[in-house]
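Down below is the structure, laid out as structure tokens.
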Amino acid sequence: MQESRVLRRFIERESKYASYKFALLRGVIEIIQEYDHLKVESTDDNKVLFPLGLLIEKWIFYYYPLVESNIPQIYGQKDISFKKELEFFIKKYKNNGGFLQFYNDYRHSKLQLDEIKNLFHKIKIAIYNGPMKHLGYSSSRSYYSIFGYERNTYRKLNVKGEDLNLREYLINNYGFIKFDKDLYFILSEFGSFINGTDSIIFKWALFSANINKRSDIEKIIFLLRRSTEVQRDVYDARKVYDRYIKSLRCVWSDKRLNLVNYEIDHALPFSITFVNDLWNLLPVQDRVNKKKSDKIPTSDLIERRRGYIKNCWNLLFEEYKDRFLKEMKISLTGNTNKNNEDLFNYGIEKLKQKSKFLIDRGYEPWEI
């Protein structure tokens with residue numbers, strides 16, 4: 001089909017001097033799938049905009065395992081332009097928990113802004129002067145023909161003093177990546193089919209292996225997937241649910257739970273959305289969790305269990321107030337001034353929308 005040919009042209013025919021092209025396309029596809037609620041639609045030039053900071057964040061976690069394992073990402077003698085800044089953290093965490101601890105410290109804003117801000121800036125420049133500028137040049141003979149940049153004049157998530165959240169800081173301060181609405185719709189509909197082992201990730205791994213003949217392509221694929229695999233940690237949610245287990249019921253089946261028969265379910269499957277935020281972690285009976293697996297709960301099921309989901313959210317909110325609200329606003333609802341009750345109801349509606357979005361794109365629905 002025509003849409004697939006357009007995407008394959010981006011992947012196959014553009015310059016293969018560096019892996020930046022793969023990182024940009026993979027990141028944009030994942031951002032559309034995970035953060036569609038944060039998009040801004042331009043009214044005057046038929047463009048869609050997403051916070052560039054989300055792409056900067058993804059590049060950090062894409063490239064950390066590759067740099068740590070000394071997998072070259074550019075042909076010739078040059079290194080990626082932000083290698084020095086990334087190596088600062090690789091060395092810092094080498095004997096202090098490695099990539100997983102770095103990821104957790106980042107997500108919980110335990111890193112010093114003055115230290116990581118240099119890395120943010122270098123990656124922004126690498127994106128702006130690299131794939132954002134050159135992708136599409138081979139066919140259009142003009143720069144920034146597919147992806148462009150715009151300063152942040154639309155929204156800011158409030159960040160103050162001790163409440164600083166690094167993801168909010170990125171969303172606030174690094175402008176937007178913009179592209180045509182037609183491309184947005186193509187990536188929304190078909191992005192998941194080109195972002196797997198047989199396409200972007202595989203071709204990125206093949207590119208890396210061709211640079212360094214000693215590299216094992218399967219090892220590189222493993223490293224490229226580490227950015228999603230390390231995130232599946234449910235300890236904080238389980239700690240809260242363990243405390244209230246005697247009064248909890250399975251979020252989907254309404255059956256009673258105990259410490260032996262319950263598990264933490266990612267309401268929207270982690271293997272599809274990579275969302276490990278508190279609002280997506282709900283208590284379920286182990287048998288129900290196995291049946292649900294990686295299926296998507298229907299909007300009707302979510303609506304029927306609205307009250308119970310909100311109750312679980314409230315338990316998590318009481319334990320992790322600021323963190324819960326920030327995660328919900330960043331990865332589910334977008335910025336809003338609603339009070340908690342209205343925010344939770346709005347969150348349910350957004351959860352139903354995400355469910356419909358995924359089911360409409362071919363993921364298997366789940367009912368009970």
Side-chain angles (χ1 to χ4, degrees), residues 20-42 47-64 80-82 85-86 88-89 102-133 135 144 146-161 163-179 184 187 191 227-228 231 273-277 322-323 325-336:
Y20 291 169
K21 172 188 69 175
F22 302 111
L24 184 141
L25 289 173
R26 179 185 177 187
V28 168
I29 289 169
E30 290 180 358
I31 288 167
I32 290 173
Q33 293 174 336
E34 298 168 28
Y35 297 101
D36 194 64
H37 56 284
L38 293 182
K39 77 174 181 293
V40 175
E41 296 190 28
S42 175
K47 300 286 186 180
V48 170
L49 299 88
F50 284 89
L52 181 63
L54 295 174
L55 186 60
I56 293 171
E57 178 186 272
K58 290 203 173 282
W59 276 40
I60 292 173
F61 299 123
Y62 293 162
Y63 281 100
Y64 188 118
I80 57 174
S81 59
F82 50 92
E85 289 73 19
L86 194 53
F88 171 84
F89 292 100
F102 169 77
Y103 172 82
N104 287 332
D105 285 354
Y106 169 84
R107 286 302 302 269
H108 295 99
S109 297
K110 294 181 180 180
L111 302 177
Q112 294 296 316
L113 178 61
D114 288 342
E115 292 180 346
I116 199 167
K117 190 159 61 172
N118 292 330
L119 178 59
F120 292 164
H121 177 72
K122 277 298 192 74
I123 293 178
K124 175 185 176 180
I125 297 303
I127 293 171
Y128 181 80
N129 290 331
M132 182 183 285
K133 179 178 181 179
L135 199 59
Y144 302 102
I146 296 175
F147 295 99
Y149 174 78
E150 186 162 319
R151 294 182 182 277
N152 189 348
T153 59
Y154 291 89
R155 69 153 73 80
K156 285 203 174 185
L157 299 175
N158 295 323
V159 184
K160 298 179 180 179
D163 295 329
L164 175 67
N165 178 288
L166 290 175
R167 301 180 85 196
E168 289 180 306
Y169 178 82
L170 278 170
I171 290 171
N172 280 341
N173 293 285
Y174 290 86
F176 289 86
I177 182 171
K178 65 178 182 178
F179 45 94
Y184 163 76
L187 296 179
S227 63
T228 56
Q231 303 173 27
T273 65
F274 309 126
V275 174
N276 205 49
D277 292 340
D322 290 342
R323 175 186 166 189
L325 290 178
K326 288 176 180 178
E327 288 182 351
M328 175 169 275
K329 289 179 180 180
I330 289 173
S331 60
L332 183 63
T333 65
N335 199 23
T336 175

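These figures come from a predicted structure and were not determined experimentally.
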Start with the C-alpha distance between Lys329 and Asp277, add both sets of side-chain angles, then the distance that settles salt bridge (charged side-chain N to carboxylate O under 4.0 Å, His left out), and finish with yes or no. CA-CA 11 Å; Lys329 289 179 180 180; Asp277 292 340; over 6 Å; no

Which atom of Tyr174 lies closest to which atom of Leu52, heavy atoms considered: O-CB, 3.3 Å

Quick one: closest heavy-atom pair of Val275 and Ser331, and the distance? CG1-OG, 4.5 Å

For the atom pair NZ (Lys124) and CE (Met132), what is the distance rounded to the nearest 0.5 Å? 9.0 Å

Residues Phe147, Leu25; criterion side chain to side chain contact (heavy atoms under 4.5 Å, CB included); working and verdict: CA-CA 10 Å; Phe147 295 99; Leu25 289 173; 4.2 Å; yes

Gap between atom CG of Leu119 and atom CD1 of Ile56 - 0.5 Å precision: 9.0 Å

Mind telling me whether Tyr20 and Trp59 have parallel, tilted or perpendicular rings, with 30° and 60° as the class edges? tilted

Separation between CG (Asn118) and CG (Leu113), nearest 0.5 Å, reads 9.5 Å

Let me see the working for Tyr63 and Phe82 under ring-ring contact (aromatic ring centres under 6.0 Å, His included), right down to the final yes or no. CA-CA 10 Å; Tyr63 281 100; Phe82 50 92; 5.3 Å; yes

Closest heavy-atom pair and its distance - Thr273, Glu34: O-CG, 3.2 Å

Value rounded to 0.5 Å, distance of CD in Glu168 from CG in Asn173: 11.0 Å

Kindly assign one of parallel, tilted or perpendicular to the pair Phe102 and Phe89, based on the angle between their ring planes and the thresholds 30° and 60°. tilted

Phe176 vs Lys47 side-chain heavy atoms within contact, under 4.5 Å: no

Is any side-chain heavy atom of Ile177 closer than 4.5 Å to a side-chain heavy atom of Ile31? no

Point-to-point distance, once rounded to the nearest 0.5 Å, from CD of Glu30 to CD of Glu57: 11.0 Å

Heavy-atom closest pair (Leu55 atom, Leu24 atom, distance to 0.1 Å) is CD1-O, 4.1 Å

Which value, rounded to the nearest 0.5 Å, describes the distance between Ile80 atom CD1 and Glu85 atom CD? 9.5 Å

Should the ring pair Tyr128 and Tyr144 be called parallel, tilted or perpendicular, given that the plane angle runs from 0 to 90° and is split at 30 and 60? tilted

Parallel, tilted or perpendicular: which describes the rings of Tyr184 and Phe50, with under 30° parallel and over 60° perpendicular? tilted

Where do Ser81 and Ala126 come nearest, in terms of heavy atoms and distance? OG-CB, 3.4 Å

Go through Ile171 and Leu54 one step at a time and tell me if the side chain to side chain contact (heavy atoms under 4.5 Å, CB included) criterion holds. CA-CA 7 Å; Ile171 290 171; Leu54 295 174; 4.1 Å; yes

For Ile116 versus Tyr106, what's the shortest heavy-atom pair and its separation? CD1-CD1, 4.0 Å

